[in-house]
Amino acid sequence: MRKYGLAALGTAGLLALSACAGGGAGSGEDDGGGGGGGDTEAPEEVLVGVAMPTQTSERWIADGEAVEAGLTDLGYDVDLQFGNDDIPTQAQQIDQMITSGADLLVIAAIDGTALTSQLEAAAAANIPVVSYDRLIRDSENVDFYVTFDNYQVGVQQATSLLVGLGLLTEDGSEGEATGPFNIELFAGSLDDNNAHFFWEGAIETLQPYIDDGTLTVPSGQTDIEQAATLRWQQETAQRRMEDLLTSTYSDGTELHGVLSPYDGLSRGIITALQNAGMGPTLEEGLPVVSGQDAEIASVALIDQGVQFATIFKDTRKLADQAVTAAEAYLAGEEPEANDTETYDNGVLVVPSYLLESDIVYAGNITSLLVDSGYWTADEVAAGVAE
Ligand code: BGC
């Protein structure tokens, strides 16, 4: 039995009761209902705190809104907060959710290691914690994790780069190109556990090509620490790309591709490359740049032949999984995991539900993103969400 099973069952039970009462025979006898229940008091409210990291990237806004909508549909109250990419702000928001009596927390952390004391307080108050997309580390008080197969996302990012260079084809077979090619590597924020999975999946995919000389990293910056981008900031990536161009490419060395793990970084990198006179399109010699998240601005760039690819992670499905997990806990049950091995947070292996992702190329924008209703054709053409 889970530590909070009974408390959670209590509230869920009340909800169920009130739902029955609501649907039943008018109002009537407040008192006499044998065995209790049936009075006219408002049902006890169930509050879910949803903490998202930032509004600077559209995916987190969509994630937050989708989780909120799913929970609201089930009759729960929702306190949705965005942390402005600022660790103390997010910690404070979660503290506040706990003091306001949240029955469950859904958290996408800014810094995966910075929430230990909040999670202790949650555990002390029997509040289940669902870690959303980014694993919360160094705490035994994480109950469940919903995410994508993050290693596989990294594999897909590197694969798209290899396809862009012509070393592979979109169906995975060997391409016509032989290289050698020069590439540079970017990573995400080191305090985000995902950044390490993306990097590992990508580097293990690229390594054989580096080992046999097909790919070279002329800057020599091949450690994740050198490639990292604090808080996933676009300007930081743009600046690093500018620095790399100055330090390594001003002698005429050609750059063919850039591994980028997030669309915001990709756009910063592309701006740096274009400002240095490359492109402006792939056809006109812009290096191949990968991405992630299928942000509308990047999908438009892919459509225009500027950014080469991105990774589509359907955040609607992720939000659904978070809502399903929340519903299970609030009914005193365990959510169903499909992975109980991969995500060790430093203290325990957190039961997880992993979703799959897809590579988006210019040729499958319609089938992956438009047909599924993620973006409309008009949004793709305009490069902005409606
Ligand atoms: C998410 C990515 C996102 C990145 C930057 C990661 O934790 O998994 O989808 O691109 O954060 O927001």
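Both ligands and their constituent atoms are indexed starting at 1 by order of listing.
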Point to revise | Member of F197, F148, Y353 meeting the ring-ring contact (aromatic ring centres under 6.0 Å, His included) criterion with Y343 | key: F197
Exercise for review: Let me know which of L369, V360, L301, D358 forms a side chain to side chain contact (heavy atoms under 4.5 Å, CB included) with T310.
Suggested key: V360
Check your understanding: Distance only, no hydrogens: is a donor on one side chain within 3.5 Å (strictly under) of an acceptor on the other, for N84 and T89?
Key -> no
Exercise for review: Could you tell me the residue and atom name of the protein heavy atom closest to atom 8 (O) of ligand 1, and the distance to it rounded to 0.1 Å?
Suggested key: D133 OD2, 2.6 Å
Check your understanding: Which of the atoms of ligand 1 are close to K313, meaning less than 4.0 Å from one of its heavy atoms?
Key -> 1 (C), 2 (C), 8 (O), 9 (O)
Point to revise | Per-atom contacts of ligand 1 with R134, taking only distances under 4.0 Å to non-hydrogen atoms | key: 4 (C), 5 (C), 6 (C), 7 (O), 11 (O), 12 (O)
**Study point:** Residue F198 vicinity, atoms of ligand 1 by number, heavy atom under 4.0 Å
**Key:** 8 (O)
Practice item. Tell me, please: is F148 in heavy-atom contact with ligand 1, that is, under 4.0 Å? Key: no
Exercise for review: Group every Ile, Leu, Val, Met, Phe, Trp and Tyr by side-chain heavy-atom contacts under 4.5 Å, then state whether L282 and I302 land in the same group.
Suggested key: no
Exercise for review: Would you check whether W60 has a nitrogen or oxygen atom less than 3.5 angstrom from a nitrogen or oxygen atom of ligand 1?
Suggested key: yes
Study note, to complete from the structure: To atom 6 (C) of ligand 1, the nearest of D192, D85, N193 on a heavy-atom basis is D192
Review point. Looking just at side-chain N and O atoms, do Q156 and Q152 make a donor-acceptor pair shorter than 3.5 Å?
Key: no
Check your understanding: Is any side-chain heavy atom of K313 less than 4.5 Å from a side-chain heavy atom of D293?
Key -> yes
Review point. Side chains of Y76 and E327: donor-acceptor distance under 3.5 Å anywhere?
Key: no
Study note, to complete from the structure: Closest to atom 3 (C) of ligand 1 among protein heavy atoms sits D293 OD2, 3.3 Å
Exercise for review: Show which atoms of ligand 1 fall inside a sub-4.0 Å distance from at least one heavy-atom site of R59.
Suggested key: 1 (C), 2 (C), 8 (O), 9 (O)
